[in-house]
Every structure is written in C-alpha cells, then in structure tokens.
Amino acid sequence: MKTSFSVLAGFFCIGDFTILIDSFILKNQILNHPHIISTYLVFFSFVLIFFGLHFPTFFRNFPKLLIVSSFVFGMGIMLLLVDLGLLNDVYPEASLILLKYYYNSYYILTFFVFSYLITSKLRFNFPAIQKFMEYIYYAAIFTCFSFLIICIFPKSIPTTTSYFLHFFFFMNLLFITCFVVFLFHYSFTKDYLTHPFSFLFERSKQIFEEKIPANRANSRIIKEKLWTLYDKQNWRHTMDSFWFQILVDETLDNALEHGGKREDDIITVHVFESAKYIDVFVIDSGKGFNPRLVPSPIDSDRKLVTGGRGIHILKKLFLVRWNFLGNEVNIRVDKTKSSDWKTHV
C-alpha cells in the first residue's frame with residue numbers, strides 16, 4: 001500500500017517536472033510528439049492499475065483482480081512493442097491507426113479495469129476507512145466539478161497537446177484533493193501514524209528488522225530477539241524492563257491475534273533509534289481497525305472486560321499511533337521522559 005502511493009506520487013512528480021522542462025526549456029519538443037504522449041499514458045495506466053490493485057490492501061484471496069491486472073499490463077507492453085516496431089517514418093499509416101484507435105481503446109479498457117478493481121474492493125467492508133472513503137467521494141465530485149469549469153474556459157491551459165495536458169491536470173487535481181482529505185482525516189489527529197516536521201532532522205537509524213510467519217512459535221522467537229536488542233542497545237537505563245515487556249507483548253500479541261488468521265500471514269517488526277527516540281513498528285496482515293472506536297477500559301461498563309487494557313497503558317506511557325488502515329502500530333519511546341514513567345499506572 002505504501003509502495004503504491006509512493007509510485008503514484010513519484011509518477012506525478014516526474015510528469016510535472018517533464019511538462020515544466022519541456023514548456024520552458026525545450027519549447028514543447030517532447031509533448032508535441034504523439035508517440036511520446038501515448039507511451040507516457042500507457043505507463044500511467046500501469047501505475048494506476050498497480051495502485052488500484054494494492055489500495056487499500058492487496059487481496060490475496062481474490063485472484064481475479066491479479067489476472068485482470070496482468071492482462072492489462074501484458075496488453076500495454078505488447079502495444080508499446082508493436083508501436084516501436086512500426087516506426088512512424090517507415091509505416092506512417094499503420095502508426096497513425098495505432099495512435100488513433102488502438103491506444104484510445106487501451107485507455108478505455110484501463111478505465112474499466114480500474115473501475116472494476118475499485119468496485120470489487122468496495123464490496124468488502126473496511127470499517128477503519130469507511131468514513132475516509134466517503135470524504136474521498138466528495139473530493140472526487142468536487143474535483144470533477146472544478147475540472148468542468150476549467151474545460152469551459154479551455155484557454156486557461158495551453159492549447160498545445162491540450163488533450164494530454166487537460167487529462168494530466170485533472171489527475172493532478174484529483175490526487176492533490178484526495179491527499180488533502182487524507183491529511184485532515186488522519187495526519188492531524190493524535191491516533192494516526194504521522195511524523196512531525198522535526199522527524200526529518202532526527203537522523204533516525206534502523207537497528208532491527210524482522211519478518212516472520214504469524215504463529216506463536218515465531219512470535220516467541222522475535223520477542224527473544226527484541227530482548228537481545230534491549231540489552232545490546234543498553235535501553236535498561238532508558239526504559240524499565242517491565243514497560244518494555246508490556247510494549248513487546250501487547251504489540252506482538254495483538255498482531256498475532258488480529259493478523260494471524262491465515263497460514264501465509266506475515267508479521268513485520270522494525271525498530272528505529274535516534275538520539276531522542278526509539279520507534280517500534282509492528283505490521284500485521286489483518287484488515288485493521290479504527291482506533292477511535294476502541295472504548296476506554298476505565299469506563300464503568302468496561303471494568304470487567306480484559307481487552308484493551310494493554311494498549312491503554314501503552315498510550316499513557318508512550319506515543320502510540322496506527323496507520324490509516326489500522327494494521328500497523330508505532331510505539332514511540334521518548335528517552336528524555338523515562339523518569340516520568342514511574343508515576344504512571
């Protein structure tokens with residue numbers, strides 16, 4: 001999921017940079033070439049299908065999605081190879097037919113496949129992102145309305161290769177709108193995983209990484225490795241062994257309980273350390289949950305319920321945040337506040 005977002009964002013950055021360079025330096029030498037535009041749009045379709053395949057999570061038990069996506073990838077690659085073999089100067093008529101009919105047919109096919117991916121995934125319930133998806137729908141409607149207004153005044157975008165530029169502008173606008181919705185819905189809250197601007201200057205280094213099949217035997221092994229790391233990094237002066245025990249047990253046991261239902265489920269653990277912080281990331285393969293909806297164990301009607309107490313204690317001691325799907329937790333330990341932990345219960 002993170003990779004799909006990164007690839008999509010990186011593709012837009014490359015496209016924007018290309019448009020700026022070509023417009024101000026190369027005087028539209030690139031964008032005026034129809035084959036370059038078509039090739040770019042084919043690669044964009046690859047990125048779009050890849051994004052749809054992995055958002056909000058990859059469905060391993062739904063092979064139809066992978067088969068359909070592979071068909072689109074294969075068809076796009078064949079289209080590019082045929083276009084390369086024709087060469088515009090040698091077969092101008094065949095090349096023109098390819099550009100006019102086959103490429104456009106491929107774009108339409110990609111749109112329907114992408115819609116199929118999204119529709120298929122929305123049939124499954126993701127409680128952790130249900131409200132977020134509603135806001136995304138509103139953002140998409142707002143983007144479409146804004147884009148229609150821009151199309152009414154076509155001179156607002158240069159007429160050169162207007163088809164490509166209008167399309168690319170629309171996708172940029174949609175991506176930025178959805179990203180703003182994401183920021184306000186998840187990043188600017190205390191419950192969700194985000195990093196302050198100061199994170200860029202922390203110089204945090206990864207000191208531990210492990211991926212294990214989600215079962216109790218492997219869970220015990222990784223706990224032992226974390227305890228070895230605890231002694232190796234001399235965290236005893238920073239964090240009492242009792243609190244470290246709670247941190248390790250709660251994060252790994254929860255990941256095993258909620259993300260270890262299938263034989264091929266994986267639990268991933270990352271540990272980063274900087275001069276001021278220790279960050280423990282535990283990622284499972286479950287569908288996640290909405291941390292805002294977890295009741296407090298100190299409520300009168302929850303005093304006899306054992307679930308949720310460990311996380312409540314962790315939130316009193318450390319900074320605890322989840323990714324927006326709820327299947328990745330980050331425990332941030334502030335080394336400078338270790339003396340305050342003795343007063344927490």
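Computed from a predicted structure; not experimentally measured.
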Classify the ring geometry of Tyr230 against Trp227: parallel below 30°, tilted from 30° to 60°, perpendicular beyond 60°.
perpendicular
In chain order, what residues pass the salt bridge (Lys or Arg N to Asp or Glu O under 4.0 Å) check against Arg220, with sequence neighbours excluded?
none
Under the side-chain contact (heavy atoms from CB on, under 4.5 Å) test, residues paired with Ile14 that sit two or more places apart:
Thr18
Contacts of type ring-ring contact (aromatic ring centres under 6.0 Å, His included), residue Phe11, not counting sequence neighbours:
Tyr40, Phe44
Results of side-chain contact (heavy atoms from CB on, under 4.5 Å) for Phe175 - residues two or more places apart only:
Leu8, Ala9, Phe12
State yes or no: are the ring centers of Phe50 and Phe73 separated by less than 6.0 Å?
no
Are Phe111 and Phe114 connected in a single hydrophobic cluster, I mean Ile/Leu/Val/Met/Phe/Trp/Tyr linked by side-chain heavy atoms less than 4.5 Å apart?
no
Close side-chain approach of Ile221 and Lys225, heavy atoms under 4.5 Å
yes
Can a donor-acceptor pair be found, under 3.5 Å and without considering hydrogens, that links the side chain of Lys335 to the backbone of Ser274?
yes
Contact summary for Asp334 and Thr336, nearest pair of heavy atoms:
OD1-OG1, 2.7 Å
Sequence neighbours left out, what passes side-chain contact (heavy atoms from CB on, under 4.5 Å) with Phe242? Give chain and number order.
Asp240, Ile246
Whether Glu273 and Lys205 form a salt bridge (side-chain N of Lys/Arg under 4.0 Å from carboxylate O of Asp/Glu) is what I want to check.
no
Sequence neighbours excluded, which residues qualify as side chain to side chain donor-acceptor pair (under 3.5 Å) partners of Ser219?
none
Rounded to the nearest 0.5 Å, what separation is found between the CD1 atom of Ile283 and the CD atom of Glu328?
4.0 Å
Taking side-chain contact (heavy atoms from CB on, under 4.5 Å) as the definition, give me every residue that meets it alongside Ser45, ordered by chain and number, with sequence neighbours left out.
Val42, Tyr106, Thr110
In chain order, what residues pass the side chain to side chain donor-acceptor pair (under 3.5 Å) check against Thr39, with sequence neighbours excluded?
none
Kindly state each residue pair satisfying salt bridge (Lys or Arg N to Asp or Glu O under 4.0 Å) with at least one member in residues 244-256, sequence neighbours excluded.
Lys223-Asp249, Lys223-Asp253
Can you name the side chain to side chain donor-acceptor pair (under 3.5 Å) partners of Asp231, sequence neighbours left out?
Arg236
Please set out all donor-acceptor pairs under 3.5 angstrom arising from side-chain atoms of residues 62-70, sequence neighbours excluded.
| unit_1 | atom_1 | unit_2 | atom_2 | d |
| --- | --- | --- | --- | --- |
| Ser69 | OG | Leu65 | O | 2.8 |
| Ser70 | OG | Leu66 | O | 2.7 |

Between Thr177 and Thr143, which heavy-atom pair has the shortest distance, and what is it?
OG1-OG1, 3.3 Å
Which residues share a salt bridge (Lys or Arg N to Asp or Glu O under 4.0 Å) with Glu224, sequence neighbours left out:
none
